[in-house]
Amino acid sequence: MLKALVCALVLGAAVLAVPAGRPAAAADEYVVHKFKCPNITTVKLNWANKISANPDFPVSKSYENLTHSAGFQASSVNVAENTVSCRYVISQTVFQAPYVYKVHRKILSCTGQPGPEITCNLKKN
């Protein structure tokens, strides 16, 4: 009796894991890949040389192409464009820096976003 109940629970969990209306792809039809966004990266801001046309305020030489530390904020996946994105924010600012990775295989599905580790099922070549 207990063995039958355990089997029923396992079978029920397996059935619930498959999205409704969409057949599960066989494991040999795709490969699994994990994309990892670093927690911190560096970015450079390339300011325009002036704030407005009149008056002209040039950027101080010490701030041209200055490197800033940026922390991970969120990830996303765009299946239509076949991309995985990691978005970073420069601390104490509103400046965001996205890193968009063009995936070389067709993305079938992904989990884990908006976290820093995204697991995707990719079509085999």
Side-chain angles (χ1 to χ4, degrees):
M1 173 80 175
L2 182 58
K3 189 174 184 180
L5 180 59
V6 170
C7 287
L9 287 175
V10 170
L11 181 59
V15 170
L16 290 175
V18 178
R22 193 175 185 191
D28 60 348
E29 295 177 9
Y30 63 88
V31 294
V32 177
H33 184 79
K34 289 189 180 192
F35 297 90
K36 295 181 182 180
C37 301
N39 289 330
I40 296 175
T41 189
T42 56
V43 296
K44 288 186 179 184
L45 293 177
N46 187 14
W47 295 101
N49 195 31
K50 53 189 169 183
I51 294 173
S52 62
N54 190 14
D56 187 356
F57 294 107
V59 175
S60 170
K61 291 292 181 193
S62 62
Y63 284 90
E64 286 181 356
N65 285 320
L66 188 62
T67 300
H68 298 274
S69 180
F72 173 78
Q73 185 179 43
S75 66
S76 62
V77 174
N78 186 325
V79 175
E81 293 184 13
N82 219 51
T83 58
V84 172
S85 302
C86 302
R87 188 173 64 239
Y88 295 88
V89 175
I90 299 172
S91 61
Q92 300 176 349
T93 72
V94 295
F95 297 115
Q96 295 186 12
Y99 178 83
V100 180
Y101 176 74
K102 179 71 175 171
V103 182
H104 297 290
R105 295 180 180 195
K106 172 124 179 73
I107 297 173
L108 300 174
S109 65
C110 295
T111 59
Q113 62 275 13
E117 188 171 296
I118 305 106
T119 302
C120 293
N121 294 337
L122 308 175
K123 186 175 181 180
K124 281 190 169 183
N125 283 346

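Between atom NZ of residue K34 and atom OG1 of residue T111 there is a gap of 8.5 Å, rounded to the nearest 0.5 Å. Of the inter-residue distances, the one linking H68 atom NE2 with S91 atom OG reads 9.5 Å to the nearest 0.5 angstrom. In this structure, CG in N78 is found 11.0 Å from CD in Q113, a value given to the nearest 0.5 Å.
Cluster annotation: V100 and V77 are assigned to distinct hydrophobic clusters (Ile/Leu/Val/Met/Phe/Trp/Tyr, side-chain heavy-atom contacts under 4.5 Å, transitive). Under the 4.5 Å side-chain heavy-atom criterion for ILVMFWY residues, a single connected hydrophobic cluster contains both V32 and L108.
Other residues, nucleotides and ligands place more than 12 heavy atoms under 6.0 Å from the CD atom of Q96.
For residues 92-123, every residue pair satisfying the ring-ring contact (aromatic ring centres under 6.0 Å, His included) rule, not counting sequence neighbours, is listed here: F35-Y101, W47-F95.
For N39 (side chain) and G71 (main-chain N/O), no donor-acceptor pair under 3.5 Å exists by modelled atom type.
Contact detail for K102 and T83: the closest heavy-atom pair is CD-CG2, 4.0 Å. In terms of heavy atoms, E117 sits closest to K36 at OE1-CE, 3.2 Å. In plain terms, the two heavy atoms of G115 and S75 that are nearest each other are O-OG, 2.6 Å.
When hydrophobic side chains of Ile, Leu, Val, Met, Phe, Trp and Tyr are connected at separations under 4.5 Å, Y88 ends up clustered with F72.
For the pairing with Y30, the side-chain contact (heavy atoms from CB on, under 4.5 Å) check across L122, I107, N121 returns one residue only, N121.
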